[in-house]
Amino acid sequence: MGWIIIIFLAAGTMLLLAMLMTYVLGKASIAWHVEEDPRVEQVLEALPGVNCGGCGYANCHEYAEAVVSGEVDIDRCSVGGVSCMTALANILGIEAQANWPSRPIVHCGAKADDRLKKNPYGGEPTCGTANLVSGVQGCAYGCLGLGDCERACPFDAIHVIDGLAVVDYVKCTGCGKCAQVCPRNIISMVPFKADRVIAVGCSNLDPGKHVRAVCKVGCIGCGLCRKASDLFGLEDNLARLDYEQYDPQRHDELLAAAEKCPMKTIVEIGKPTDADLAATADKELAQPATADFETTADKAPYRG
Amino acid sequence: MELLGEVILIAISAALINNFVLHYFVGICPFLGVSRRVDMAFGMGFAVTFVISVAGLLSWTFTTYILRPGAPLTTWVYRLAVPDTEVVPDLSILNYIVFIFVIASAVQLVEMYVRKFFPKLYKSFGVFLPLITTNCAILFACLEILRNVSGVPRAEAWGVVEALTLSVFAGLGFMLAIVIMAGIREELDSCDVPAPLRGAGITLIVAGLLALAFAGFTRVDQGLANLIR
């Protein structure tokens, strides 16, 4: 008999405890209720709720709060994709903007032969180090071609070809690692509004005479492009293209402006066109050779 | 007067001599996790002190009146059901469940409170606030109270004052330890720590040295006891 009573006693104790705690916590949650924007709840409903952290916030709830307060755009959730973005736009009563992918543009167009006044450099073969030494090449703004960006890229989407970093826009995901590591800050992340865009391939701020002395394709700040298209601007002796205002509809106009450029600094970049692909379609492309093993020496930046 | 002496002894013992973190090495995870900045360490110390006090008080109440062998409430109910028996009902199987229940509820309470009144602190705590639930320092305090309530002869069992003193001062001792640690770690940020020791290594070494320093308090309680008695 005794053990039955003990069981009931135990159950009764837990019940008592549960009731006490429920009462206290219930009262507390009413008394200390935090006023929250009701839209946060709705946004949270619309989000996938996997708390992956891909948006840069710790969980979906924090991202929802940030979205409602207007801190971030509604396009950060890559898991939810477009449908999620539209749902958020409906909740917040804003237009879902077309989301331009962010892509790097290398603002230097000089191949190894285009650079003048080069000096042999025998130091550590990274741009970061070479940037500390003056006189590696005449241009103090342009690409050093030692491939810090190539090593930083997790997608094998940027390569130093003929002494110049070239982005492979097919592979590029727009993570921005290359722009971060470039010691000369010549890579900028811009919204890519079309598969192919026009870019100014120069970062040199010096007057035209000095640019001519160090580079065959540098921007001399003549301003011809600005006359051809008002999308161009000229600042500190350098032609600039404002990608916020960039209009892919006016591609031809920009191409014409690029034609006018006496130094051929303004170039068209982006994914290969159908014509480009057709031109190489019948050729067998060499696969890049990859080592099937890795030694510690592979990652060592020093050359012995 | 005797109670006062006892309370002083318990307080000093819990906060300094047998500091939970630096003597028993319980509650290490928040001690290492939230001791990066002094203000956060203070917040964590306050939160833990509050939870430990609430949990200690409730544990004492439950162990004394319901859970310990021959607790008055339990015995009374048992006698209602079975009159004329010598059996001493024992609910101590429920000890751990009740403690964890109490701790979890107290943490919920703190979480709501901090979220309402200190939203910044709430954000900076992140996951460490709910993790107080599994902070062993708090369960250790509950178990210490349990030991002194049901593990000793009835005449020496702790009353509510002793239990509350232990909980509050254990919490304050935790706060002291974590704030000292945070102060040291803030200074460490500007130090040239040898590369292999950076991060967890130097933190654990510092924690060990701190524990050594606190070991200097050993047997201070005996001296105090002689002084008081």
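Side chains included, hydrogens not; waters and symmetry mates left out as well; all remaining heavy atoms used.
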Next on the checklist: Tell me whether B:Y24 at atom OH has more than 12 heavy atoms from other residues, nucleotides or ligands lying less than 6.0 Å away.
Outcome noted: yes
Next on the checklist: Is any side-chain heavy atom of B:I66 closer than 4.5 Å to one of A:L16?
Outcome noted: yes
Next on the checklist: Consider side-chain contact (heavy atoms from CB on, under 4.5 Å). Of B:L73, B:T74, B:L91, which one does A:T13 pass it with?
Outcome noted: B:L91
Checklist entry - Does B:N135 have any side-chain hydrogen bond (donor to acceptor under 3.5 Å, both in side chains) partners at least two apart in sequence or in another chain, and if so, which? => result none
Item to check | Atom CZ of B:R36: over 12 foreign heavy atoms under 6.0 Å | outcome: no
Next on the checklist: Minimum heavy-atom separation for A:I6 and B:P89, please, with both atom names.
Outcome noted: CD1-CB, 3.9 Å
Checklist entry - If you measure from OH on B:Y78 to CG on A:L9, what distance do you get to the nearest 0.5 Å? => result 8.5 Å
Next on the checklist: At a 4.5 Å cut-off on heavy atoms, which part of A:I5 comes close to chain B: side chain, backbone, both, or neither?
Outcome noted: side chain
Next on the checklist: Checking an interface table here. Which of residues 60-70 of chain A come within a heavy-atom distance under 4.5 Å of chain B?
Outcome noted: A:H61, A:E65
Item to check | Residues of residues 96-117 of chain B contacting chain A, heavy-atom criterion under 4.5 Å, by residue number | outcome: B:I97, B:V98, B:F101, B:V102, B:S105, B:Q108, B:L109, B:M112, B:Y113, B:R115, B:K116, B:F117
Checklist entry - With respect to chain B, which residue among A:A18, A:G12, A:A31 yields the maximal number of heavy-atom pairs within a distance under 4.5 Å? => result A:A18
Item to check | Any residue of residues 45-59 of chain B which, by heavy atoms, sits under 4.5 Å from chain A | outcome: B:L58
